[in-house]
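Structure, as structure tokens:
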Amino acid sequence: MNLSILIPLLNEEESLKELYTWIIKVMQSNNYSYEIIFLDDGSTDDSWNIIEQFAHENPHVKGVRFMKNFGKSQALHAGFAKALGDVIITMDADLQDSPEEIPGLYDMIINGKYDLVSGWKKKRYDSVVAKNLPSKLFNWAARKTSGVELNDFNCGLKAYKNVVVKNIEVSGEMHRYIPVLAKNAGFGKIGEKVVQHQARKYGETKFGMERFINGFLDLITIWFLSRFGKRPMHLFGAMGSLMFIIGFMLAGYIGISKLYHMYNDMRYSLVTNNPWFYIALTTMVLGTQLFLAGFLGEIILRTKNNEERYKVSSEVNFL
């Protein structure tokens with residue numbers, strides 16, 4: 001099978017029919033063998049009934065429905081697990097991603113030998129203040145932190161080799177950083193393609209300004225996980241040990257200094273009257289806590305179980 005097209009969605013009943021017709025037209029004109037997997041992230045409108053109708057009309061259409069809204073990352077995780085195509089395309093259901101871009105993305109994966117190709121909405125039709133400027137700042141920070149030179153991490157239109165999606169773990173709200181996850185998994189050939197961005201035709205965006213705040217927090221998380229996720233003791237243990245040693249040496253100096261003054265009948269004060277004593281004590285306590293944090297992190301990594309992160313209520317056209 002040439003293509004698996006994954007479409008995560010939440011309450012997009014107005015745009016689904018137009019999007020479906022558009023995708024089918026592109027598939028037929030390029031003679032692709034394909035599957036379209038709609039990933040309904042707990043929609044409360046008529047989206048799922050429309051998807052079931054597509055599936056009954058076309059055996060290439062499949063659907064997964066969550067019991068409630070678990071998030072886009074969980075929807076993509078479910079889709080990646082079921083995708084069978086040589087190339088996996090992800091796109092949003094709001095008609096802001098154009099299916100006409102699919103052949104170009106497919107060609108870059110198959111003939112350009114890329115592991116992953118991310119869309120770049122160079123010309124956007126979103127609000128400058130509410131979306132464009134925060135997005136530019138976010139993408140700049142993501143490039144500097146991750147080392148992945150992409151201009152648009154947030155673009156939902158991406159193409160992947162099948163082997164890539166089978167070897168990355170998308171959780172939380174990490175869908176923004178799938179290229180970073182792919183790089184950390186060893187897939188180094190990551191490309192970018194300028195794609196057409198269209199103004200939203202129906203409804204309202206499901207993401208507010210809080211997505212940028214969450215995005216920056218996730219960026220810190222993925223930076224840490226990429227460097228110390230498998231060895232937290234290397235960070236916390238090293239910091240804790242260093243702080244404890246500094247505090248211990250400072251406390252030792254204070255104690256030796258007092259003994260020296262006592263032995264030579266020199267004037268001295270109580271150790272507890274010396275503010276450096278409390279600084280030394282606090283440093284040792286913090287150092288011990290950091291060391292224990294690293295130690296417990298190592299234990300958790302070795303004993304954790306993979307918990308189910310979402311519940312599926314319905315599926316259609318899956319064997």
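The structure displayed is predicted, hence computed values, not measured ones.
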Response to the item:
Of Ile51, Asp92, Asp94, Leu19, the one forming a side chain to side chain contact (heavy atoms under 4.5 Å, CB included) with Leu9 is Ile51
Worksheet entry | Any donor-acceptor N/O pair, Asp41 side chain to Phe70 backbone, under 3.5 Å | yes
Worksheet item: Just by distance, do the side chain of Asn264 and the backbone of Met266 share a donor-acceptor pair under 3.5 Å?
Response: no
Worksheet item: Under 3.5 Å, is there a donor-acceptor pair between the Trp48 and Glu52 side chains?
Response: yes
Discussion item. Is there a continuous path of hydrophobic side-chain contacts, each under 4.5 Å between heavy atoms, that joins Val312 to Val170?
Written reply: yes
Item to complete: Using a cut-off of 6.0 Å, state whether more than 12 heavy atoms not belonging to Met67 lie near its atom CE.
Response: no
Discussion item. Is it the case that atom OH in Tyr32 sees more than 12 heavy atoms from other parts of the structure closer than 6.0 Å?
Written reply: yes
Worksheet item: Do the non-hydrogen side-chain atoms of His77 and Phe80 ever get within less than 4.5 Å of each other?
Response: no
Worksheet item: When you measure from the side chain of Ser98 to the backbone N and O of Glu100, does any donor-acceptor pair fall under 3.5 Å?
Response: yes
Item to complete: For residues Ile178 and Leu116, determine if any side-chain heavy atom of one lies less than 4.5 Å from a side-chain heavy atom of the other.
Response: yes
Worksheet item: Got a salt bridge between Lys82 and Glu35, using NZ or NE/NH1/NH2 to carboxylate O under 4.0 Å?
Response: no
Discussion item. Looking only at side-chain N and O atoms, does Asp86 offer a donor or acceptor that is under 3.5 Å from a partner on Asn162?
Written reply: no
Worksheet, complete the sentence: Test side chain to side chain contact (heavy atoms under 4.5 Å, CB included), reference Tyr34, set Ile24, Ile102, Ile23, output is Ile24
Side chains of residues 187-194: which donor-acceptor partners sit under 3.5 Å, not counting sequence neighbours?
from   : atom 1 : to     : atom 2 : distance (Å)
Lys189 : NZ     : Gly112 : O      : 2.9
Glu192 : OE1    : Asn151 : N      : 3.4
Glu192 : OE1    : Asn151 : ND2    : 2.9
Glu192 : OE2    : Asn151 : N      : 2.7
Glu192 : OE2    : Asp152 : N      : 3.4
Lys193 : NZ     : Glu101 : OE1    : 2.8

Worksheet entry | Within 6.0 Å of NZ in Lys166, more than 12 heavy atoms from elsewhere | yes
Worksheet item: Within a strict 4.5 Å, meaning less than it, do heavy atoms of the Ile245 and Met249 side chains meet?
Response: yes
Discussion item. Is the shortest side-chain heavy-atom distance between Lys121 and Val195 below 4.5 Å?
Written reply: yes
Fill in: Distance, nearest 0.5 Å, that separates CG of Leu259 from CD1 of Ile254
12.0 Å
Fill in: Check: Asn2 side chain, Ser33 main-chain N or O, donor-acceptor pair, under 3.5 Å
yes
Discussion item. Nearest 0.5 angstrom please: Leu76 CG to Leu39 CG, how far?
Written reply: 7.0 Å
Worksheet item: Hey, any chance Ile246 and Tyr278 share a hydrophobic cluster, counting ILVMFWY side chains that come within less than 4.5 Å of each other, even indirectly?
Response: no
Practice prompt. May I ask you to decide if Tyr253's main-chain N or O and Ser257's side chain share a donor-acceptor pair within less than 3.5 Å?
Written response: no
Please list every donor-acceptor pair under 3.5 Å in which a side-chain atom of residues 283-293 meets a protein atom from a residue at least two apart or in another chain.
from   : atom 1 : to     : atom 2 : distance (Å)
Thr283 : OG1    : Ile279 : O      : 2.7
Thr288 : OG1    : Met284 : O      : 2.8

Fill in: Atom CH2 of Trp22: over 12 foreign heavy atoms under 6.0 Å
yes
Worksheet item: Within a strict 4.5 Å, meaning less than it, do heavy atoms of the Val61 and Phe38 side chains meet?
Response: yes
Worksheet item: Around Phe318, counting heavy atoms of other residues, nucleotides and ligands shown, do more than 12 lie under 6.0 Å from its CZ?
Response: yes
Worksheet item: Quick one: ring pair (Phe, Tyr, Trp, His ring centres under 6.0 Å) partners of Tyr20, sequence neighbours excluded?
Response: Phe54
Item to complete: State whether the side chain of Asn317 and the backbone N or O of Ala55 hold a donor-acceptor pair below 3.5 Å, judged by distance alone.
Response: yes
Discussion item. Nearest 0.5 Å, please: how far is CD in Glu12 from CG in Asp45?
Written reply: 8.0 Å
Worksheet item: Does the side chain of Phe66 reach to within under 4.5 Å of the side chain of Asp40, using non-hydrogen atoms?
Response: no
Item to complete: With the side chain counted from C-beta on, respond yes when Arg65 and Ser47 share a heavy-atom pair under 4.5 Å apart, and no when they do not.
Response: no
Worksheet item: Just how far is it from atom CG of Leu84 to atom CD1 of Ile37, taken to the nearest 0.5 Å?
Response: 6.5 Å
Worksheet item: What is the distance from atom NZ of Lys62 to atom OG of Ser4, rounded to the nearest 0.5 Å?
Response: 7.0 Å
Discussion item. Hydrophobic cluster membership, with links at side-chain heavy-atom distances under 4.5 Å among I/L/V/M/F/W/Y: are Trp120 and Met91 in one?
Written reply: no
Discussion item. Would you compute the distance between atom CD1 of Ile88 and atom NZ of Lys158 and round it to the nearest 0.5 angstrom?
Written reply: 14.5 Å
Practice prompt. May I ask whether Leu3 and Ile110 are part of the same hydrophobic cluster, defined by side-chain heavy atoms of I, L, V, M, F, W, Y residues being less than 4.5 angstrom apart, directly or through others?
Written response: yes
